[in-house]
2 protein chains.
Amino acid sequence: MVNEKNYKKRDAILSYLRQTHTHPSAEMVYGEVKSQIPDISLATVYRNLATFRQRGDIVCIGTVNGMERYDGNTRPHVHFICEGCYKVLDMPEISLSEQVYNQARSLYGCTANYCNLTINGLCDECTAHQEGEHIA
Amino acid sequence: MVNEKNYKKRDAILSYLRQTHTHPSAEMVYGEVKSQIPDISLATVYRNLATFRQRGDIVCIGTVNGMERYDGNTRPHVHFICEGCYKVLDMPEISLSEQVYNQARSLYGCTANYCNLTINGLCDECTAHQEGEHIA
DNA sequence: CTCCTAAATGAGAATGACTATCATTTACAA
DNA sequence: TTGTAAATGATAGTCATTCTCATTTAGGAG
């Protein structure tokens with residue numbers, strides 16, 4: 001075992017982010033990892049999320065209902081954000097071409113690090129729920 | 001003059017958002033409108049921004065450096081976000097096809113309200129500035 | 001084994017963007 | 001003049017996130 005420093009909690013956070021498809025917030029990560037490792041602190045979650053993001057191990061999707069959402073899948077893909085229940089879904093059916101990425105790079109001489117396409121709306125559940133009420 | 005209620009400040013906020021291309025935050029809007037109308041309150045800015053967004057008069061681009069950015073141009077277009085100086089630029093050269101929008105609509109039976117594509121990176125100024133330093 | 005160092009962590013205080021509250025002001029109509 | 005409903009100003013409150021600092025941990029040197 002080489003270099004077995006205090007990485008148990010760190011690794012637990014990263015592996016959870018790579019397993020789940022919920023695109024969790026920091027609080028959601030905290031709640032889940034705490035069930036495995038009860039003596040983990042919320043500060044540790046925030047700290048490691050920031051570290052992972054700097055290293056490029058995870059990706060920030062954006063702020064949903066006031067909370068940043070994280071994704072362990074760093075390959076470019078599209079997200080659907082439900083404005084009703086705030087769930088975040090992958091949309092693998094929609095592909096954002098590499099062309100867009102390269103186009104951004106060439107324009108203005110910018111260094112384009114990351115491409116983020118989100119589609120906002122109501123998921124099917126929230127749409128059905130809303131139609132049940134008398135709302136236009 | 002029909003219906004000339006207390007809309008001076010409201011109109012000032014909206015017209016500023018439609019004039020500028022800076023994609024300002026609430027604080028930036030406040031600072032700019034305050035130079036025209038000194039007795040305006042920050043609460044009024046936040047309140048009207050929320051109202052405009054509900055009405056569809058403006059659009060939220062997303063959170064940049066902890067602050068929501070607003071755009072008076074509601075037609076779908078792509079934004080570049082500089083991670084160095086936090087400026088937000090329009091990228092009219094990159095067009096997100098209506099196809100993507102409709103594709104999202106058809107998938108899952110979702111109600112897609114809004115499509116947001118942002119490209120994150122360093123603008124040319126920040127890229128040049130960084131190369132001046134000895135950072136990889 | 002003991003001491004040392006540097007990184008990781010826990011707990012809680014601090015920060016700051018945003019929202020809620022409530023009294024006041026405004027425009028218009030009766 | 002009086003009443004009204006909406007808009008506003010000032011400020012307290014909220015809450016996600018960051019900061020601070022003392023403590024713990026793992027591994028290396030002696």
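All chains are named by letter (A, B, ...) in the order of the sequence lines, taking the proteins before the strands, and each is independently numbered beginning at 1. Model, not experiment: these values are computed from the prediction.
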Enquirer: Has B:Asp71 got a side-chain atom pairing as donor or acceptor with B:Asn73's backbone, closer than 3.5 angstrom?
Expert: yes

Enquirer: Whole-Å distance between C:dG12 P and A:Tyr30 OH?
Expert: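 Atom-to-atom, A:Tyr30 to C:dG12, this comes out as 11 Å.
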
Enquirer: With sequence neighbours left out, write down each residue that passes salt bridge (Lys or Arg N to Asp or Glu O under 4.0 Å) with A:Lys87, or none if nothing qualifies.
Expert: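 Testing A:Lys87 for salt bridge (Lys or Arg N to Asp or Glu O under 4.0 Å), a comparison that skips the adjacent residues, returns A:Glu125.
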
Enquirer: Within the side chain of B:Asn116, is there an N or O that forms a donor-acceptor pair under 3.5 Å with the backbone of B:Ile61?
Expert: yes

Enquirer: For A:Leu49 and C:dA8, what is the distance between atoms CG and C1' respectively, to the nearest whole Å?
Expert: 15 Å

Enquirer: What is the distance from CG of B:Leu14 to P of D:dA7, rounded to the nearest Å?
Expert: 14 Å

Enquirer: Taking all heavy atoms of A:Val29 and all of A:Pro24, pick out the closest pair and write down the distance.
Expert: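 Minimum heavy-atom contact is CG2-CG, 3.6 Å.
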
Enquirer: Rounded to the nearest angstrom, tell me the gap between atom CG in B:Asp11 and atom P in D:dA6.
Expert: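 Taking atom P of D:dA6 as the reference, CG of B:Asp11 is at 18 Å.
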
Enquirer: Could you tell me how far apart A:Asp39 (CG) and C:dT9 (P) are, to the nearest whole angstrom?
Expert: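 Rounded to the whole Å, the gap is 11 Å.
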
Enquirer: If you restrict it to nitrogen or oxygen atoms, what contacts under 3.5 Å exist between nucleotides 16-20 of chain C and the protein, and what is each distance?
Expert:
from: C:dA17; atom 1: O3'; to: B:Gly66; atom 2: O; distance (Å): 3.4
from: C:dC18; atom 1: OP1; to: B:Glu68; atom 2: N; distance (Å): 2.8
from: C:dC18; atom 1: OP2; to: B:Tyr46; atom 2: OH; distance (Å): 2.9

Enquirer: Can you tell me how far apart NZ (B:Lys9) and CD (B:Gln36) are? Round to the nearest 0.5 Å.
Expert: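 Going from the NZ atom of B:Lys9 to the CD atom of B:Gln36 covers 12.5 Å.
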
Enquirer: Report yes or no: does A:Thr20 contribute a side-chain atom to a donor-acceptor pair with the main-chain N or O of A:Tyr16 at less than 3.5 Å?
Expert: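 No.
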
Enquirer: Could you tell me how far apart B:Arg10 (CZ) and C:dT26 (C1') are, to the nearest whole angstrom?
Expert: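 It works out to 13 Å between those atoms.
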
Enquirer: Go through DNA chain D and write down every stem, that is, every run of at least three consecutive Watson-Crick or G-U wobble pairs with distances under 3.5 Å, as range with range.
Expert: C:1-30 with D:1-30

Enquirer: It should be established whether A:Thr44 places a side-chain nitrogen or oxygen under 4.0 Å from OP1 or OP2 of nucleotide C:dA8.
Expert: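 So the side-chain polar atoms of A:Thr44 never come under 4.0 Å of the phosphate oxygens OP1 or OP2 of C:dA8.
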
Enquirer: Return the value, rounded to whole Å, for the distance between atom NZ of B:Lys8 and atom C1' of D:dG9.
Expert: 16 Å

Enquirer: Does C:dT9 have OP1 or OP2 sitting under 4.0 Å from an N or O in the side chain of A:Ser41?
Expert: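 False: A:Ser41 side-chain N/O out of range (4.0 Å or more) of C:dT9 OP1/OP2.
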
Enquirer: Measure CD1/A:Ile37 against C1'/C:dA8 and give the value in whole Å, please.
Expert: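 Taking CD1 of A:Ile37 and C1' of C:dA8, I get 13 Å after rounding.
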
Enquirer: Residues in side-chain contact (heavy atoms from CB on, under 4.5 Å) with A:Val64, at least two apart?
Expert: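 Partners of A:Val64 by the side-chain contact (heavy atoms from CB on, under 4.5 Å) criterion, ordered by chain and then number, come out as A:Arg69, A:Ile81, A:Tyr86, A:Val88.
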
Enquirer: Tell me every residue that passes ring pair (Phe, Tyr, Trp, His ring centres under 6.0 Å) with B:His79, counting only those two or more places apart in sequence or in another chain.
Expert: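 B:His79 satisfies ring pair (Phe, Tyr, Trp, His ring centres under 6.0 Å) with B:His23, B:His77 only.
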
Enquirer: Tell me every residue that passes side-chain contact (heavy atoms from CB on, under 4.5 Å) with B:Tyr46, counting only those two or more places apart in sequence or in another chain.
Expert: B:Ala26, B:Leu42

